[in-house]
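When a ligand or atom number is given, it counts from 1 through the structure's own listing order. Just so it is clear, the structure is predicted and the values come from calculations on it, not from any experiment.
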Amino acid sequence: MTQASAPGKAILFGEHAVVYDQPAIAVPLSDLRTTVIIRSIDAQPPSVHVVATDLDHSFWLHEMDDRDPLAYAIRLALQATMPELQESFEISVSSKIPIASGLGSGAAASVAIIRALSSFFKVDLSDASISALAYRVEKLHHGTPSGIDNSTIAFEQALYYKRNQDPQPFSLGRPLQLVLGHCGVDSQTGAVVAAVRDRWQASMEEYSAIFSQIGELVERGYDNLKAGDHKQVGILMNENHALLQRIGVSNQALDQLVARASTSGAYGAKLSGAGAGGFMIALVGTETRESVARALQDAGARHILVVQVSG
Ligand code: MEV
């Protein structure tokens, strides 16, 4: 039996603008993981059975085409590790990362599958190679991904990220305490990214200016995260949320949760990931963690997660 796992991720600054070559910052959520277990089974000819418990989804690999993201990730990983299948095995995927919520569940499944297969076949793949394979699956999910999700999840480090450049891992000045609240609406990254693209094409000057302003916030956020100045980080998160509202990726429920987080003691808050649904994140102190979580609960959050990001 072989087991591997991969974390979720939260974008602290710069989502959407990163698709347009601005920098962004994301952190892994190491307490929320997708786990993949591979065990040998008896089946002839050699075949692969896949069970995704949380998705209520199971299939034989040879019966599923590449439009299925799990099947595609497995095929890419097999090409890189064991192109000629000589034995049968079952791949079980289970996850604590809520899906369609902005926390990187798709990229985490891909990374965990690729890692597990490379370990099962004892083929050493670097984090960069794993990330590059997972990026190909991301493209299937949502057309024009920046690559920030697969990179943060494969490297499992806080990253300063710019498209088409090597990701830059960095150390947080202090651990982050985050309270995440789900706004009650699911979000499909591909659709939200495509809608932003349409609006950008219709109002290129306005949108490009907003993306640049987000890029400036990212640079300041980066400095303050390294310095551990969470008060400043929080202020910048609020500003980033306001700019995300202007590109039309927030909604009333997210805005309400973000506002409630701020009035209940968070340093700052914003939507995280594609938006138009999913989770918002609030940066809190140890002393305000409980009050912010309770306030989000009272404001109707569907699901609340309290996590610490270290390093
Ligand atoms: C999704 O987690 C982040 C987006 O910026 C899309 C991307 O970077 O691929 C919305």
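Remark: ligand 1 atoms within the under-4.0 Å shell around heavy atoms of P145 are 9 (O). Here is the list of ligand 1 atoms found below 4.0 Å of a heavy atom in A274: 10 (C). Applying the 4.0 Å criterion to heavy atoms of K9 picks out, from ligand 1, the atoms 2 (O). The distance from ligand 1 to the heavy atoms of E15 drops below 4.0 Å at these ligand atoms: 5 (O). Listed by atom number, the atoms of ligand 1 under 4.0 Å from V18 heavy atoms are 5 (O), 8 (O). Close contacts of ligand 1 with I148, meaning ligand atoms under 4.0 Å from a residue heavy atom, involve 8 (O). Counting the atoms of ligand 1 from 1 in the order shown, those under 4.0 Å from a heavy atom of D149 are 1 (C), 2 (O).
The environment of CD in Q157 is crowded: more than 12 heavy-atom neighbours from other residues, nucleotides or ligands sit within 6.0 Å. Within 6.0 Å of atom CG in D166, 12 or fewer heavy atoms from other residues, nucleotides or ligands are found, so the atom counts as exposed in its surroundings.
Using a 4.0 Å cut-off between heavy atoms, H142 contacts ligand 1 through its side chain alone, with no backbone atom that close. By the criterion of a heavy-atom distance under 4.0 Å, neither the backbone nor the side chain of V192 is placed next to ligand 1.
Closest non-hydrogen pair, V196 versus I247, comes out as CG2-O, 4.3 Å. When all heavy atoms are compared, the tightest approach of G268 to M237 is O-CE, 4.0 Å.
The nearest protein atom to atom 4 (C) of ligand 1, hydrogens excluded, is given as H16 N, 4.0 Å; this is a heavy-atom distance. Protein heavy atom nearest atom 3 (C) of ligand 1, with residue, atom name and distance: I11 CD1, 3.5 Å.
Using a cutoff of 4.0 Å between basic side-chain nitrogens and carboxylate oxygens, R302 and D186 are scored as salt-bridged.
Side-chain atoms of R115 come within 3.5 Å of backbone N or O of A154 as a donor-acceptor pair.
Between the side chains of S47 and H62, no donor-acceptor pair is found at a separation under 3.5 Å. No side-chain donor-acceptor contact under 3.5 Å links D54 and S95.
For atom 9 (O) of ligand 1, the nearest non-hydrogen atom from the set A276, S146, G190 comes from S146.
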